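Data first, discussion second: the structure below is written as structure tokens.
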Amino acid sequence: MRELASRVILGLFSVNNAGFNAMSAILMIVEAVLSHLVILKVKYTEIDWSTYMQQVECYTNKGILNYTRIGGDTGPIVYPGGHLFTYRILYFLTSSGKNIRLAQHIFQVFYLFNVYMVFRILKKTKRIPPIVLLFVTVTGYRIHSIFMLRLFNDPLAMMLFYVAMDRFLHQKWIVGCVFYSFAVSIKMNVLLFAPALFFTLILNNYFMPTMGYLSLCALIQLYVGGPFLLHDWKSYVQRSFDLGRVFMFKWTVNWRFLPEDLFLDKRFHMALLVGHITFLAIFAYYMWFRRLNGLRLSLYLRAFDGILTSTGSTDTFYAFCTSNLIGIAFSRSLHYQFYSWYFHQLPFLLFCDYPHVNSISKIPWKQFFWKVPLLLAIELCWNVYPSTWWSSALLHICHVIIFWHLISTRVQRPIDTVSWRTFDKINEEQEMLKNLVEEHDQVIPPTELPDFVEDDDQEKIKEYRMSRMPERREKSKKELEKGFQKYYREQMADGYFQDDFRVYYTDNYDMQVVGIESITDKSKMSVEDRVKTIYAQALNLQKSMEDGEEVEEEEGLDSSDEEIPLEDEENLVKFHLNPEIEEIEGSTDESDECTETEDSEDSEEDSLESSEEENETSERSEEEYEDGKKTKEQRELDEQNAYIEERIRRTYASLRQHQMQLEALRQNVYA
């Protein structure tokens, strides 16, 4: 029983698909029952429904196309044409708006669908534990009222936006833009998401498709407002997107603590607009898409390097939510129905930094102790009617706390791990590589070989190799191990190996490092391409070791496909004979071109050593001794070659890493 309780608690407080699906299904059923009880038990309150129906009658029955003449009991129409077309459908479904109960049940369906879309989005981000879904649903007393008891158009616009957001997270840009534009046509508050949408389209698509998506949004607006634009475009634009609209002080939720004269002052309105634009620009510059090294660097790579990125579900939804929250925080006035603009986004903003939890002891209880009261405090502010000075002030305090939390817990950019010490080291390595390339036209300088190599004199080649064998065998296995460990520690020290700070995603969503092309047929890879592949594998090995995983020595490093190829037999012999780069022997001993030379050499060597020790081992047969000696020497040679080969690959990985980092830094990576 205790084990079952532990599993349930862990399933509720950790990010996992099984718990999320189960919690979502349960809450959908609870919401269906709860919303039905709200309709049956709570009295309907008339505010704007009758006005909406009167506005529809002006267009449908009276044929009025002049937007200044369309209105109702609570005032003239101040919404785009999509509002009229949407409520025109509801007008016919509810018997000219008289069947209120049916309209409430229709809005109940809208509410449940809205919750379903929010669940889909939050699941896609993979950041929210199942327990947080409670604060997206059952705690929203005001949200239930806005949907089922007030029948406002705000939740309809937000419902279409969440459909668009879901499509954006699935890279369905055309469908997403269609739903987003229809949401704007119902109420223009959806334009608060426009900055995030623009940068998301730019980073994930080429220039022409991006312009096409934006043009699609504009065409939908022209289509929806077409009848009114053709009749009197000026009155339509002025009424639908009236930025100078004056709100009544008695309905404000966020500025009740101000004097009414200051609330109505145009200079105050202008100050809020300037503050909105300034804070949005700063926040976007420093906070958006940080997993891609920030907005500025992402745009730089997109514009000048032509690198497309996949912004990811978390970063994309984060940009949309914060763009909307900034607009709400600097709004000239908030009315009660505006709560639907960001209610379902607040839990994500507070819990998007939720850590990975694999045991009950790692559950961050402290987060719940202050985040849950913060959400309830915001709910309280929106439920105080009429609003008071303290409820308005508390609402602003809550907004400030959310911004403080977002800034203080911002994700570290991968590029932030690169130090200036690394920068200096990269400069040194790059200068060395540059000099080598200018002098020898390759990274590894050519070697001066004896004349008998050019003449392919096999006898002298054997003598040369035999003369070098004692010198090479002076290094024992222990010494090789010690030397390699020292070399490895130097390469893994700070300032040498850095994480994938220049990582982007291909159209197939595969992680790719800038400068390394995707090559599927490894048999046709050049030396340079293989070196790049070894570099990528070195980064993966480093990351695994930093995460504490046990990585086998040959994983990512000792694959037969990753051998550094040489072009022909002559080159193979040259590399084997060069005393200055003896390490390369390990990477070419197994090549087919040198098989005959190696076999003949080893047999001669075995016979010489066998004859020297024959008198000391007279009790054993000559054949058994030769076989045993050959096996022992071959095993020792293979071990030495393995260490040497691994050192070569580490060297190539380090050089390539420094070269790529300097290239990034020279492209103004650092601010």
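As the structure is a computational prediction, the values presented were derived from the model and not from experiment.
Heavy-atom minimum distance, Gln221 versus Ser181: NE2-O, 2.6 Å. Minimum heavy-atom separation, Ser340 to Met158: O-CG, 3.5 Å. Across all non-hydrogen atoms, the minimal contact from Tyr336 to Ile146 is O-CD1, 3.4 Å. Between Leu375 and Pro347 the shortest heavy-atom distance is CD2-N, 4.3 Å. Heavy-atom minimum distance, Phe368 versus Pro373: O-CD, 3.5 Å. In this structure, Gly72 and Thr51 approach most closely via the heavy-atom pair CA-CG2, 3.8 Å.
Taking the six-membered ring where tryptophan is involved, the planes of Tyr180 and Phe168 are tilted, since the angle between them lies from 30° to 60°. The aromatic rings of His269 and Phe263 stand perpendicular to each other, their planes meeting at an angle above 60°, with 30° marking the opposite boundary.
Checked for salt-bridge contact, Asp232 and Arg69 miss the test: no charged N lies under 4.0 Å from a carboxylate O.
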**Request:** Show your reasoning for whether ring pair (Phe, Tyr, Trp, His ring centres under 6.0 Å) applies to Phe320 and Tyr162.
**Result:** CA-CA 11 Å; Phe320 275 82; Tyr162 287 126; over 10 Å; no
Q: Evaluate side-chain hydrogen bond (donor to acceptor under 3.5 Å, both in side chains) for Tyr141 paired with Glu379, printing each intermediate quantity in order.
A: CA-CA 8 Å; Tyr141 172 82; Glu379 180 74 22; over 6 Å; no
Assess the residue pair Thr322 and Trp288 against the criterion (side-chain hydrogen bond (donor to acceptor under 3.5 Å, both in side chains)); give the C-alpha distance rounded to whole Å, side-chain angles, the decisive distance to 0.1 Å, and a yes or no. CA-CA 9 Å; Thr322 53; Trp288 286 2; 2.9 Å; yes
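Ring centroid separation for the pair Tyr342 and His399 comes in under the 6.0 Å cut-off. Aromatic pair His231/Tyr67: centroids not less than 6.0 angstrom apart. Ring pair Phe107/Phe110: centre-to-centre distance below 6.0 Å. Centroid-to-centroid, the aromatic rings of Trp255 and Phe257 come within less than 6.0 Å. Aromatic rings from Phe85 and Tyr59 are positioned such that their centres are separated by under 6.0 Å. Between Trp49 and Tyr44, the ring centre distance reaches or exceeds 6.0 Å.
A donor atom on one side chain and an acceptor atom on the other are found under 3.5 Å apart for Glu31 and Tyr111. A side-chain N or O of Arg150 and one of Thr45 form a donor-acceptor pair less than 3.5 Å apart. Checked by atom type, the side-chain pair Thr311/Thr316 shows a donor-acceptor distance below 3.5 Å.
Side chain of Ser185 to backbone of Phe182: a donor-acceptor contact under 3.5 angstrom is found. In this structure, the side chain of Tyr87 engages the main chain of Asn153 through a donor-acceptor pair within 3.5 Å. When atom types are taken as modelled, the side chain of Asn324 and the backbone of Trp341 share a donor-acceptor pair closer than 3.5 angstrom. Proximity of a side-chain donor or acceptor of Asn254 to a complementary backbone N or O of Leu334 within less than 3.5 Å is detected. The closest donor-acceptor contact from the side chain of Thr94 to the backbone of Asn99 lies at 3.5 Å or more, if one exists at all. Arg142 places a side-chain N or O within donor-acceptor distance of the main-chain N or O of Trp382, the cut-off being under 3.5 Å. Remark: the backbone N or O of Gly140 is paired with a side-chain donor or acceptor of His144 at under 3.5 angstrom. A distance-only check finds no donor-acceptor pair linking the side chain of His83 to the backbone of Lys187 [under 3.5 Å]. Side-chain atoms of Thr252 never come within 3.5 Å of backbone atoms of Ser333 as a donor-acceptor pair (strictly under, hydrogens ignored). Counting only distance, with no hydrogens or angles, the side chain of Ser298 and the backbone of Leu292 share a donor-acceptor pair below 3.5 Å.
With sequence neighbours excluded, the residues forming a side-chain hydrogen bond (donor to acceptor under 3.5 Å, both in side chains) with His105 are Gln108, listed by chain and number. Not a single ring-ring contact (aromatic ring centres under 6.0 Å, His included) links Phe199 to another residue, sequence neighbours left out. Residues passing the ring-ring contact (aromatic ring centres under 6.0 Å, His included) test with Phe161 are Phe193, sequence neighbours excluded. Residues that satisfy the ring-ring contact (aromatic ring centres under 6.0 Å, His included) test with His405, not counting sequence neighbours, are Trp370. Legend: residues meeting side chain to side chain contact (heavy atoms under 4.5 Å, CB included) with Glu57, ordered by chain and number and at least two apart, are Asn61, Tyr91.
No more than 12 heavy-atom neighbours from other residues, nucleotides or ligands sit within 6.0 angstrom of OH on Tyr286. Leu219 CG: more than 12 foreign heavy atoms inside a 6.0 Å radius. Atom CZ of Phe152 is surrounded by more than 12 heavy atoms from other residues, nucleotides or ligands within 6.0 Å. A 6.0 Å sphere centred on OH of Tyr354 holds more than 12 heavy atoms belonging to other residues, nucleotides or ligands.
From Ser323, atom OG reaches atom NE2 of His276 across 6.0 Å, with rounding to the nearest 0.5 Å.
Residue pairs meeting the side-chain hydrogen bond (donor to acceptor under 3.5 Å, both in side chains) criterion with at least one partner in residues 122-138, sequence neighbours excluded, are Asn21-Lys123.
Both the sub-6.0 Å distance and the 45° axial angle are satisfied by Arg256 relative to the ring of Phe249.
Among the candidates Thr60, Val78, Ile70, the single residue satisfying the side-chain contact (heavy atoms from CB on, under 4.5 Å) test with Gln55 is Ile70. For the side-chain contact (heavy atoms from CB on, under 4.5 Å) test with Leu395, the passing option among Val253, Ile328, Val384 is Val253; the others fail.
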